*Asks:* 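This is the structure, below, for whatever I ask next.
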Amino acid sequence: MSDSTQSTKTTWQPAAISWRVRVALVFLLILAVTVISITNKLLTDRFTETTRNRAELRIALYGGNLLAELRQNAIVPQLLARDPTLISALESGDYTLSTQRLISFVEEIGAASLMLLDTDGRTVAATDRNRIGAAHRSAPYFVDAIRSNATIFSVIAGETGAYDFFYSRRIQSGGATVGVIAVEVDLRKFERAWAGISDAVIVTDSNGEILLATEPRWRGKTEADALAKQTPQSAIERAIQATADWTALPPDAYLQGEAVMRLEQRVNFRGWRMVSYTTYASVRERVNGVLALEVMGFAILLALAFYFLSRRTAGRAALFQRESAELRALNVALQREIAERKRVQETLAVAEQTLEQSSKLAALGEMSAAVSHELNQPLAAMKTYLAGARLLLNRNRPDEALSSFRRIDDLIERMGAITRQLKSYARKGQQALSPVNMGNALASSLSMMEPQLKQRKVQITRILPDQPVLVLGDRMRIEQVLVNLLRNALDATKSERNPTVEIILSVGETATLAVRDNGPGIEDLDALFEPFYTTKQPGDGVGLGLAISSGIVGDLGGRLTARNGQAGGAVFEMQLPLYQGESEIEAAE
């Protein structure tokens with residue numbers, strides 16, 4: 001675990017909408033737009049066709065009714081011109097019963113009115129008694145009838161802007177003209193009937209002049225002039241106003257947000273034409289009604305989607321809040337655990353250093369007996385050399401005494417070397433890494449172990465390369481590992497008659513130092529480097545030497561392994577990275 005760990009603060013944020021939900025919403029919107037567009041197109045075409053068919057049927061019906069009315073009234077003058085009673089009244093000048101006679105006819109034929117004119121154009125009898133006595137000498141229906149042998153149709157402009165329609169025919173008796181019978185046709189009833197429909201209808205003559213129209217102000221004008229006039233404020237009339245210029249616009253043009261369907265039909269009478277204008281308002285109302293239902297349906301679906309999404313988001317929010325509270329509690333506990341582990345780690349590091357130093361001191365304790373024996377020999381020799389030097393000085397032989405002093409000096413130097421090795425080994429390792437000559441470190445370790453080796457009479461075999469082998473490490477700690485390996489080798493060969501230890505230093509990708517003994521070998525290789533594992537007798541060790549040695553080699557970037565040799569015994573190999581130069585020291589520091 002690292003020495004420092006930053007605590008994590010958990011803050012809740014609203015859950016982002018997943019890509020599946022976004023795709024579903026986009027798909028729903030696209031589906032809604034597509035369905036509404038297709039429905040609008042199909043229903044508009046369908047309802048437009050239905051409206052057009054109805055308008056065509058309606059204008060055909062209107063034209064047929066108008067033509068039927070005209071033809072029905074066209075035969076009346078021909079019949080009345082042959083009526084004996086009317087002829088007798090014109091010849092005798094007695095018109096007492098003529099008016100009553102005309103009234104009886106008008107009820108049967110359904111004409112607007114009947115008038116009987118004498119040869120001077122004066123009304124002598126009429127269904128409308130107010131017209132009796134009126135002069136019509138200049139009226140077209142009188143003048144044209146006098147001049148023609150056929151029935152005459154006349155259109156007379158009235159004072160109110162409306163038109164009066166007359167059929168007239170002269171009455172003859174004995175080859176002489178005695179009068180004129182005039183039949184007024186009631187075509188205004190069609191205008192009154194058309195006023196109750198949603199279409200605008202006009203009837204024009206052969207010159208294009210409007211004779212009948214649902215809008216009274218259109219009468220007497222051409223179609224273009226009529227549509228250019230200001231129309232009443234009704235839906236159909238506003239639609240008609242939008243189609244003012246029929247020469248520049250198609251019949252179904254859309255202007256000012258309105259559309260008008262124009263239908264035209266010929267009336268088989270004197271070149272008359274009937275034109276109807278039908279708005280698409282009814283079509284749009286029906287289409288919009290269906291579209292409104294569809295929009296409402298998709299809106300409900302979208303609302304339900306957002307409702308469930310909001311429910312899901314609310315659930316996630318509550319879940320995230322609970323998880324956030326749990327994470328905060330875990331974060332606090334984790335911080336406490338991290339602080340505790342840091343404290344334990346620091347304590348463990350101190351304990352490891354203490355154990356490492358204790359292991360060295362334990363090794364020193366084991367070597368103290370051999371060292372004291374080694375020091376006793378030079379001390380005894382020094383005592384002998386001092387006595388001899390004193391005797392030589394007393395005999396006045398200073399040259400020979402000086403030789404004894406030189407030998408004493410050599411013995412003191414040897415004793416100093418032994419104590420220096422012990423003092424150096426007892427010191428703690430350095431913190432910074434530096435180049436270490438493995439051959440020198442091995443020589444120093446063997447020098448420290450020399451008293452024990454001599455005491456046990458162990459045969460040491462060293463195989464070293466000709467060139468120095470340098471590694472990057474801490475010499476004191478490397479020597480500690482070597483001493484531990486040599487001690488294990490000595491302990492492993494206690495039961496051997498001829499103990500031997502073979503030390504091989506080789507160079508490859510790494511520097512490898514192998515320590516081989518001829519002992520019984522290792523039974524449990526897996527647990528060998530675990531702390532407190534030992535195969536020694538109680539009191540001979542606690543099982544920390546190899547564990548500490550493995551940790552030291554690992555800290556230096558190497559590896560410490562153990563195996564059993566093919567010829568018996570144990571083989572320990574310490575592999576350390578080779579020293580590459582000053583740059584490696586800087587990188588390690």
Side-chain angles (χ1 to χ4, degrees), residues 64-193 203 205 211-212 219 267-270 272:
N65 292 338
L66 181 62
L67 183 60
E69 183 71 18
L70 290 171
R71 289 179 176 177
Q72 178 182 347
N73 286 274
I75 196 66
V76 174
Q78 185 176 356
L79 296 176
L80 294 181
R82 298 176 181 178
D83 185 72
T85 302
L86 297 179
I87 295 174
S88 175
L90 289 171
E91 290 178 345
S92 63
D94 183 8
Y95 305 108
T96 305
L97 301 177
S98 299
T99 298
Q100 190 64 34
R101 180 73 172 172
L102 294 178
I103 293 175
S104 64
F105 283 134
V106 79
E107 292 177 355
E108 294 178 3
I109 63 178
S113 65
L114 298 175
M115 292 186 300
L116 182 63
L117 307 177
D118 59 12
T119 54
D120 294 329
R122 184 174 61 87
T123 304
V124 294
T127 55
D128 185 1
R129 298 182 183 276
N130 293 327
R131 292 183 175 182
I132 298 176
H136 301 278
R137 187 175 184 82
S138 59
Y141 51 83
F142 175 76
V143 176
D144 294 340
I146 290 294
R147 295 175 181 176
S148 175
N149 292 325
T151 301
I152 302 302
F153 181 79
S154 302
V155 179
I156 307 300
E159 296 179 357
T160 59
Y163 286 91
D164 296 326
F165 305 93
F166 290 92
Y167 280 108
S168 60
R169 189 182 181 92
R170 69 182 180 179
I171 302 175
Q172 291 181 323
S173 177
T177 300
V178 295
V180 173
I181 183 69
V183 179
E184 184 179 3
V185 183
D186 186 12
L187 298 183
R188 295 183 186 177
K189 64 182 179 180
F190 294 105
E191 288 186 337
R192 293 191 293 272
V203 178
D205 59 14
L211 302 177
L212 299 174
R219 300 190 192 107
V267 180
N268 193 16
F269 180 80
R270 296 179 178 270
W272 284 18

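This structure is a prediction, so every number in the text was calculated from the model and none was measured.
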*Asks:* How many angstroms lie between atom OG of S98 and atom CG of L90, to the nearest 0.5 angstrom?
*Replies:*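 Spacing of OG (S98) from CG (L90) equals 7.0 Å.
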*Asks:* Can you find a pair of side-chain heavy atoms, one from I181 and one from Y167, that are under 4.5 Å apart?
*Replies:*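 Result no, sub-4.5 Å side-chain heavy-atom pair not found.
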*Asks:* Considering residues at least two apart in sequence or located in another chain, which fulfil the side chain to side chain contact (heavy atoms under 4.5 Å, CB included) criterion with S148?
*Replies:*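 For S148 the side chain to side chain contact (heavy atoms under 4.5 Å, CB included) partners, ignoring immediate neighbours, are A150, I152.
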*Asks:* Find out whether S113 and V106 are in side-chain contact, i.e. whether some heavy atom of one side chain is under 4.5 Å from a heavy atom of the other.
*Replies:*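 Result no, sub-4.5 Å side-chain heavy-atom pair not found.
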*Asks:* Answer yes or no: is there a side-chain heavy-atom contact under 4.5 Å between V155 and D205?
*Replies:*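 Of all side-chain heavy-atom pairs linking D205 with V155, none is under 4.5 Å.
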*Asks:* How about CG on N268, more than 12 heavy atoms from neighbouring residues, nucleotides or ligands closer than 6.0 Å, or not?
*Replies:*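 Open.
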*Asks:* Measure across L102 and L114 and return the closest heavy-atom pair with its distance rounded to 0.1 Å.
*Replies:*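 Smallest heavy-atom distance, with atoms named: O-CD1, 3.4 Å.
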*Asks:* Going by the rule ring-ring contact (aromatic ring centres under 6.0 Å, His included), which residues pair with F142 if we only count those two or more places apart in sequence or in a different chain?
*Replies:*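 Applying ring-ring contact (aromatic ring centres under 6.0 Å, His included) to F142 gives none.
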*Asks:* Using 0.5 Å steps for rounding, measure from the OH atom of Y163 to the OG atom of S154.
*Replies:*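 Reported to 0.5 Å precision, the distance equals 14.0 Å.
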*Asks:* Do F165 and E184 make a side-chain contact, defined as non-hydrogen atoms from C-beta onward lying under 4.5 Å apart?
*Replies:*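 Counting from C-beta outward, F165 and E184 never come under 4.5 Å.
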*Asks:* Restricting to side chain to side chain donor-acceptor pair (under 3.5 Å), what partner residues turn up for D164, sequence neighbours left out?
*Replies:*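 Expected list: R188.
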*Asks:* Is any side-chain heavy atom of I171 less than 4.5 Å from a side-chain heavy atom of V180?
*Replies:*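 Result no, sub-4.5 Å side-chain heavy-atom pair not found.
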*Asks:* Using distance alone, with no hydrogens and no angle criterion, decide if D94 and T96 have a side-chain donor and acceptor under 3.5 Å apart.
*Replies:*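 Yes.
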*Asks:* Donor-acceptor pairs are to be reported for all side-chain atoms of residues 73-82 against protein atoms at under 3.5 Å, with residues two or more places apart or in another chain.
*Replies:*
residue	atom	partner	partner atom	Å
N73	ND2	E69	O	2.7
N73	ND2	E69	OE2	3.2

*Asks:* Taking the side chain as every heavy atom from C-beta outward, state whether R129 and T99 have any pair of such atoms under 4.5 Å apart.
*Replies:*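 R129 reaches T99 side chain to side chain.
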*Asks:* Tell me, do L66 and F190 make a side-chain contact under 4.5 Å, heavy atoms counted?
*Replies:*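 Sidechains of F190 and L66: in contact.
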*Asks:* I'd like to check the side chain to side chain donor-acceptor pair (under 3.5 Å) partners of D83; sequence neighbours left out, ordered by chain and number.
*Replies:*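 Counting only residues at least two positions away or on another chain, D83 forms a side chain to side chain donor-acceptor pair (under 3.5 Å) with R101.
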*Asks:* Kindly determine whether I146 and T177 satisfy side-chain contact (heavy atoms from CB on, under 4.5 Å), including the steps that lead there.
*Replies:* CA-CA 8 Å; I146 290 294; T177 300; 3.8 Å; yes
*Asks:* Walk me through whether R169 and T151 qualify under side chain to side chain donor-acceptor pair (under 3.5 Å).
*Replies:* CA-CA 5 Å; R169 189 182 181 92; T151 301; 3.0 Å; yes
*Asks:* If you compare all heavy atoms of T119 against all heavy atoms of G179, which two are closest, and at what distance to 0.1 Å?
*Replies:*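 Here T119 and G179 meet closest at CG2-N, 4.0 Å.
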*Asks:* When rounded to the nearest 0.5 angstrom, what distance separates CZ in R137 from CG in D118?
*Replies:*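 So the gap between those two atoms works out to 9.0 Å.
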*Asks:* Below 4.5 Å, heavy atoms only, C-beta onward: do W272 and V203 meet side chain to side chain?
*Replies:*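 The answer is yes, as the side chains (C-beta and beyond) meet within the 4.5 Å cut-off.
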*Asks:* Checking D144 side chain against R147 main chain: does a donor-acceptor pair fall under 3.5 Å?
*Replies:*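 Checked: no pair found.
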*Asks:* So, S92 side chain and S88 main chain: donor-acceptor pair closer than 3.5 Å or not?
*Replies:*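 Yes: the side chain of S92 pairs with the backbone of S88.
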*Asks:* How far does NZ of K189 sit from CG of N65, to the nearest 0.5 angstrom?
*Replies:*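 Between atom NZ of K189 and atom CG of N65 there are 9.0 Å.
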*Asks:* With ring pair (Phe, Tyr, Trp, His ring centres under 6.0 Å) as the rule and sequence neighbours excluded, what pairs involving residues 102-139 come up?
*Replies:*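 Pairs touching residues 102-139 that pass the test: H136-Y141.
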*Asks:* Of all heavy-atom pairs between R219 and L211, which one has the smallest distance, and what is that distance?
*Replies:*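 Nearest heavy atoms, R219 then L211: CD-O, 3.9 Å.
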*Asks:* Does D186 pair with R192 as a salt bridge, N-O distance under 4.0 Å?
*Replies:*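 Looking at D186 and R192, the cut-off is met.
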*Asks:* Where do G133 and R122 come nearest, in terms of heavy atoms and distance?
*Replies:*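 Looking at all heavy atoms of both residues, the closest pair is O-CG, 3.9 Å.
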